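Working notes for the structure below.
Numbers restart at 1 for each chain; the letters A, B, ... are given by sequence-line order, proteins then strands. No experiment lies behind these values; they were computed from the predicted model shown. Both backbone and side-chain heavy atoms feed into the values below; hydrogens, waters and symmetry mates do not.
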Amino acid sequence: MHSIQFALDDESLTNTTITVAGWVRTFRNDRFIALNDGSTIRNLQCVIDQKEVDAATLARFTTGAAVQCTGELVPSQGSGQRVEMKVTAVEVIGDCPAEKYPIQPKKHSLEFLRENAHLRFRTNTYSAVFRMRHQVSFGIHEYFDTHGYNYFHAPIITASDAEGAGEMFRVSTLDAKQPPLNESGEVDFEEDFFGAESHLTVSGQLQAETAALALGKVYTFGPTFRAENSNTTRHLAEFWMVEPEAAFMDLKGDMDLAEGLCKHLISRVLRNSMDDLQFLDARLAEEEKSKPQDQRSEMGLIDRLKFVLENPFERITYDDAINILLRSKPYQKKKFQFPVEWDVDLQSEHERYLVEKHFKKPVIVTGYPAKIKAFYMRTNAPGDFGYSEKGKTVAAMDVLFPGIGEIIGGSQREERLDVLEARMDEMGVPKGELWWYLDTRRFGTVPHAGFGLGLERFVLFVTGMGNIRDVIPYPRAPKSAEF
RNA sequence: UCCCUGGUAGCUCAGCUGGUUAGAGCACCUGACUGUUAAUCAGGGGGUCGUUGGUUCAAGUCCAACCCGGGGAGCCA
């Protein structure tokens, strides 16, 4: 058995007899099976000798049917492909009743295919997306491995709710209808499986930090859960996150790492996914046509990826960002819906302006006000990178991408025990629960840094897809966990 | 959660200021054709107009509530 990719690309197979198996995309003229086996977005045209195949069998070559073909690979008479198969033996492995099968050889809406998530892998768009998702995932391991990072498996279940990254899902084996109660009438989680109220992780960062302060460089890569009631094209309740963490690394090193990773992944898909990219590029171009002229993007998908790869990310401070926004046309024409002022987080519209209008490339914003950032971020002092006269800032960095917004959020961590404890008190983070985290600052603490990259957001960028639910196999979101 | 928008055939959509048997393209079925590229041509079947209630002589069309989808915002990755 040969993969169709191999059959199409390996010229030494021409004029030899091989066997392929896959699913029928279309059956034209009672003679041409366009066969796809998922190894590539391209189909192999299998030409049936009608004298050899009876009418009953021909009728079974319906869209979606699983078919195995054996025959000689010969130069194609038609113009759509280099080689085709002159079929000498054909067998239907699995029938696909045409009147019931939802996937037709026509353009389907992404909404419809989302409702048929179990079948959507059989379309060109989704097979391309998921092959690319694999390339990105594998590229993440490749990048960190070659840079000396250890793959670290942070726990999925945690009994601490102090991670500070949002609402969490509870993990429990208690009877939801009749939970045991304690003396004060509240649910007694001491009776629960873990002996304490437990949740699904919202981040493996704190655990990764403990490992980084021994192994030096680690990264986590796994599912992450947020119980936020977010209904957007870039949020999921279950998503995959990459979280590198490195000892003796400062914020500049963190930015270099983030930019290096993004560029590695982009160069990998440009190298390994060109067929899929060309298809998605054309798909996107088609979609852009239906948009009003002023909303169309100037570059196609592949050009955009090359542009990001070849140009340094713009690195600015939060102060710079505010100043640019205050001088911007939309601000002066009062087009922004939200105020631009120091100590207030940048809104989507502000980030989009910076990335899509002003710089027209990925932007890394550093030195955010402490007030709007997490407790573990390192407090800046005069002379520190991103320090501002206007108020207390932290060594945070957000990487903003065109069309998606924040794709990476990271920081240099607060390694000074006294500063960290003061900050936790200030923000009401319970120190008791995080005693183990604080121990890292008690015993041989060192400067260190890391970030979180949303896998799906990155896949969104490299595939040109618009909705995050289209780049994960089975999306989990509020009111939505089918399949 | 808030704002906007939509729900009519398997899919994509049309259906005007309420008015008789609700339409098209694709898909499907039947036949023809046979080097096609989402093949083509002819014919055919297929609808509780998201749900419930209301207004009216009359509702796909107007009103209300609810359910579901899409887009935007917030939260963030």
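- Atom P of nucleotide B:A77 and atom CE of A:M397 are separated by 11 Å, given to the nearest angstrom.
- A distance of about 4 Å separates the C1' atoms of B:C49 and B:U8, rounded to the whole Å.
- Closest approach to the A:R234 side chain among B:G74, B:G71, B:G35 is made by B:G74 (side chain taken as heavy atoms from C-beta onward).
- Distances were taken from every side-chain heavy atom of A:I468 (C-beta onward) to each of B:C11, B:G69, B:A77; the shortest belongs to B:A77.
- Residue A:I33 contributes atom CD1, which lies 17 Å from atom P of B:A38 at whole-angstrom precision.
- Between A:F458 and A:F461, the ring planes are tilted. Angles from 30° to 60° get that label.
- Checked against B:A73, B:A38, B:A77, the side chain of A:L236 finds its nearest nucleotide in B:A77.
- Ranking B:A77, B:G74, B:G35 by closeness to the A:M241 side chain, first place goes to B:A77.
- A tilted orientation is assigned to the rings of A:H358 and A:Y353, their planes being inclined by 30° to 60°.
- Partner assigned to B:G47 is none, using Watson-Crick or G-U wobble distances below 3.5 angstrom.
- At least one side-chain nitrogen or oxygen of A:T26 sits closer than 4.0 Å to the OP1 or OP2 atom of B:A39.
- When rounded to the nearest whole Å, the span between CG of A:L119 and P of B:A27 equals 19 Å.
- Taking 4.0 angstrom as the limit, A:T233 places none of its side-chain polar atoms (N or O) nearer than this to OP1 or OP2 of B:G70.
- Taking atom C1' on both B:G18 and B:U40, the two are 43 Å apart, rounded to the nearest angstrom.
- Taking the six-membered ring for Trp and thresholds of 30 and 60 degrees, A:H141 and A:F221 have ring planes inclined between 30 and 60 degrees apart.
- Side-chain atoms of A:Q104 and base atoms of B:G10 include a donor and an acceptor less than 3.5 Å apart.
- Counting distance only, with no hydrogens placed and no angle test, the side-chain atoms of A:E111 and the base atoms of B:G70 include no donor-acceptor pair under 3.5 Å.
- The separation between A:D30 atom CG and B:U40 atom P is 14 Å, rounded to whole Å.
- Within the 4.0 angstrom heavy-atom criterion, no nucleotide atom of any strand lies near A:F451.
- Relative orientation of the A:F6 and A:H2 rings is parallel, given thresholds of 30° and 60° on the angle between their planes.
- Distances were taken from every side-chain heavy atom of A:R28 (C-beta onward) to each of B:U36, B:G69, B:C75; the shortest belongs to B:U36.
- Ring-to-base geometry places A:F239 in a stacked arrangement with B:A77 (centre distance under 5.5 Å, plane angle under 30°).
- Base pairing annotation: B:G53 forms a Watson-Crick or G-U wobble pair with B:C63, both donor-acceptor distances under 3.5 Å.
- Atom NZ of A:K100 and atom C1' of B:G45 are 15 Å apart (whole Å).
- Under 3.5 Å, the side chain of A:R31 and the base of B:C33 form no donor-acceptor pair of N or O atoms.
- The nearest whole Å value for the distance from the CG atom in A:N231 to the P atom in B:G69 is 9 Å.
- Nearest to the side-chain atoms of A:Q347 among the listed nucleotides B:C75, B:A77, B:U34 stands B:C75.
- For B:G74, the OP1/OP2 oxygens have no side-chain nitrogen or oxygen of A:T232 closer than 4.0 Å.
- A:R378 places no side-chain N or O within 3.5 Å of a backbone atom of A:L420 that could act as its donor or acceptor partner.
- Nucleic acid contact class of A:R114 (heavy atoms, under 4.0 Å, all strands): sugar-phosphate only.
- Within the 4.0 angstrom heavy-atom criterion, base atoms lie near A:S79.
- When all heavy atoms of A:E349 and A:K335 are compared, the pair lying nearest together is OE1-O, 4.4 Å.
- Comparing the same atom, C1', in B:C75 and in B:A59 gives a spacing of 43 Å after rounding to whole Å.
- For the salt bridge (Lys or Arg N to Asp or Glu O under 4.0 Å) test with A:K361, the passing option among A:E314, A:E356, A:E259 is A:E314; the others fail.
- Here, B:G10 and B:G45 have their P atoms 16 Å apart, quoted to the whole Å.
- Rounded to a whole angstrom, the distance from the C1' atom of B:C3 to that of B:C11 is 30 Å.
- The main-chain N or O of A:G38 is found under 3.5 Å from a side-chain atom of A:R131 such that the two form a donor-acceptor pair.
- Distance from the side chain of A:H235 is smallest for B:G74 among the nucleotides B:U36, B:G71, B:G74.
- With P as the reference atom, B:G7 and B:U36 are 41 Å apart, rounded to whole Å.
- For A:F112, counting side-chain heavy atoms from C-beta on, the closest listed nucleotide (B:A73, B:U37, B:U12) is B:U12.
- Pair check for B:C41 finds B:G31; Watson-Crick or G-U wobble, both atom distances under 3.5 Å.
- Applying a 4.0 Å cut-off to non-hydrogen atoms, the residues of residues 82-89 of chain A that approach RNA chain B are A:E84, listed by residue number.
- Taking only side-chain nitrogens and oxygens, A:N29 never comes nearer than 4.0 Å to OP1 or OP2 of B:G35.
- One atom, CD of A:E99, and another, C1' of B:C26, lie 17 Å apart when rounded to the nearest Å.
- Checked against B:U12, B:A73, B:G35, the side chain of A:S109 finds its nearest nucleotide in B:U12.
- Using a 4.0 Å heavy-atom criterion, one finds that A:S230 contacts the bases of the nucleic acid, with or without backbone contacts as well.
- Pairing for B:C26 goes to B:G10, judged as Watson-Crick or G-U wobble with the two contacts each under 3.5 Å.
- As judged by a 4.0 angstrom heavy-atom cut-off over every strand, A:G409 is placed among residues touching the sugar-phosphate backbone only.
- Between the P atoms of B:G46 and B:G23, the separation comes to 13 Å (whole Å).
- With C1' as the reference atom, B:G70 and B:C28 are 28 Å apart, rounded to whole Å.
- The side chain of A:R457 approaches B:C76 more closely than any other nucleotide in the set B:C76, B:C11, B:C75.
- The minimum heavy-atom distance between A:G367 and A:N380, with the atom names listed, is CA-ND2, 4.3 Å.
- Atom C1' of nucleotide B:A73 and atom CD of A:E351 are separated by 13 Å, given to the nearest angstrom.
- Across all strands, A:Q45 comes closer than 4.0 Å to base atoms (heavy-atom distances).
- We find the CG-OG1 distance between A:L58 and A:T62 to be 12.0 Å, quoted to the nearest 0.5 Å.
- Note: A:F144 and A:Y219 have parallel aromatic rings, judged against thresholds of 30 and 60 degrees for the angle between ring planes.
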